[in-house]
Participant: 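Below is a structure I'd like to ask you about.
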Amino acid sequence: MYKQIGILTGGGDAPGLNAAIRAIVRTAIGEFGMKCIGIEGSFEGILGSTHTVKLTTKSVSGILPRGGTILGTRNRGSFAQMVDGKTIYPVMPIGEALANLDILGIEALIVLGGEGTLGIAEQFHKRGFPIIGVPKTIDNDLAATELTFGFMTAIDIATEALDRLHTTAASHDRVMILEVMGRNTGWIALHAGLAGSADLILIPEIPFCFESILKKVQARERSGSRFTNVVVAEGAVEVGKSPIYQDPDAIRLGGVGGYVSRRIQEMTGKETRCVVLGHLQRGGSPNAFDRMLGTNLGSCAVRALVNGEVGKMVGLQAGEIVTVPLSEACTNLKSVPVDGQLVRTARDIGISFAAPKEARLGEDSMYEIRTNGA
Ligand code: F6P
């Protein structure tokens with residue numbers, strides 16, 4: 001049994017992180033009599049002069065509904081950097097971190113993060129340090145777990161935004177574009193688009209063409225609906241083109257909503273507006289589901305550690321908490337299946353993904369796309 005464990009959060013924050021931290025502390029102290037040290041500012045907190053805080057059941061009291069992470073986080077630093085839109089891992093200062101963990105009396109680590117953070121955790125595991133991962137990300141793009149906490153809250157926020165855009169779009173007969181996050185996957189766009197009754201959903205997994213977008217807008221006009229709501233995932237790509245980044249170093253995705261908006265206005269002559277939802281999707285209080293999932297994963301991570309399941313990540317599969325090797329968790333990303341049931345349902349109820357095939361077919365031939373995929 002470990003006497004003292006460390007807890008850290010890495011990568012972008014996600015609603016539910018504090019719920020998970022609280023569950024880890026309560027389980028570790030209450031059930032197993034351990035001590036808990038919070039490492040501040042992600043892995044950077046165990047470098048140099050180190051930044052840590054003692055965590056007790058009292059100090060985590062009241063944090064369950066709070067957004068962000070009480071420990072602070074980073075999505076780049078000494079352990080991981082972004083080059084050309086990809087995370088790269090330079091020579092990590094693991095030796096220094098391990099020496100500091102020894103000085104601090106931290107015998108094992110529970111690391112809460114997405115693919116990048118779990119990749120760093122795996123390096124600690126390879127050096128023989130006991131470590132367990134807990135998955136979080138609003139993007140829901142980790143293959144080793146069906147859901148990550150943060151995702152459901154992000155969908156709620158994006159859905160509410162769509163509901164609000166709906167009424168103003170209808171009042172002004174406009175095309176409204178909502179750009180949402182999700183990195184190179186379209187999970188947030190797809191789920192929020194379905195829940196918020198979008199007419200078009202553009203996701204990275206199904207490259208779009210403007211001919212199909214035009215066709216959908218015009219079809220709506222003909223049927224008497226003089227407004228159109230579009231959800232665009234930040235990583236959505238036009239056929240034959242690359243994703244659009246906010247900065248020249250290709251670090252942060254963003255801008256595709258504005259691009260689509262300008263082109264639609266040019267093509268249709270209709271007034272078109274774009275809203276970028278951005279970090280509103282990550283900030284603020286987690287919804288009930290994410291509080292529950294964060295709590296469950298956090299508590300199970302402690303139990304897994306005690307059971308000797310080191311080098312693993314806790315995840316959700318078929319409604320049960322399971323453990324999977326970190327190597328699997330950080331290398332396999334989960335994309336929206338283009339012929340999956342949710343995409344089919346969206347098409348069945350008349351939502352367009354603006355695939356080139358949709359432009360070629362008559363309106364009453366959509367069935368062909370629904371049954372043959374993108
Ligand atoms: O991975 C979570 C996420 O919010 C992505 O959806 C988004 O692309 C990225 O992080 C934004 O990162 P930053 O907080 O550095 O702008």
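Everything numeric here is computed off the predicted structure, so don't read it as measured data. Atoms within each ligand, like the ligands themselves, are counted from 1 in listed order.
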Participant: Could you tell me whether the side chain of Phe210 reaches within less than 4.5 Å of the side chain of Val260, counting heavy atoms only?
Facilitator: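 In contact.
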
Participant: Just how far is it from atom CD of Glu234 to atom OG1 of Thr185, taken to the nearest 0.5 Å?
Facilitator: 8.5 Å

Participant: Take the angle between the ring planes of His166 and Phe227 and call it parallel below 30°, perpendicular above 60°, tilted in between.
Facilitator: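 Ring orientation of His166 relative to Phe227: perpendicular.
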
Participant: Identify, chain by chain and in numerical order, each protein residue with a heavy atom under 4.0 Å from an atom of ligand 1.
Facilitator: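 Within the 4.0 Å shell of ligand 1, which is judged on heavy atoms, sit Asn75, Arg76, Ile138, Asp139, Met181, Gly182, Arg183, Glu234, Arg252, His279, Arg282.
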
Participant: Roughly how far apart are Thr148 OG1 and Lys334 NZ, rounded to 0.5 Å?
Facilitator: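 With rounding to 0.5 Å, OG1 (Thr148) is 6.5 Å from NZ (Lys334).
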
Participant: Taking the side chain as everything from C-beta on, heavy atoms only, tell me whether Thr268 gets closer than 4.5 Å to Leu214.
Facilitator: yes

Participant: Please step through side chain to side chain contact (heavy atoms under 4.5 Å, CB included) for the pair Val53 and Ile70, ending with a clear verdict.
Facilitator: CA-CA 10 Å; Val53 58; Ile70 57 162; over 6 Å; no

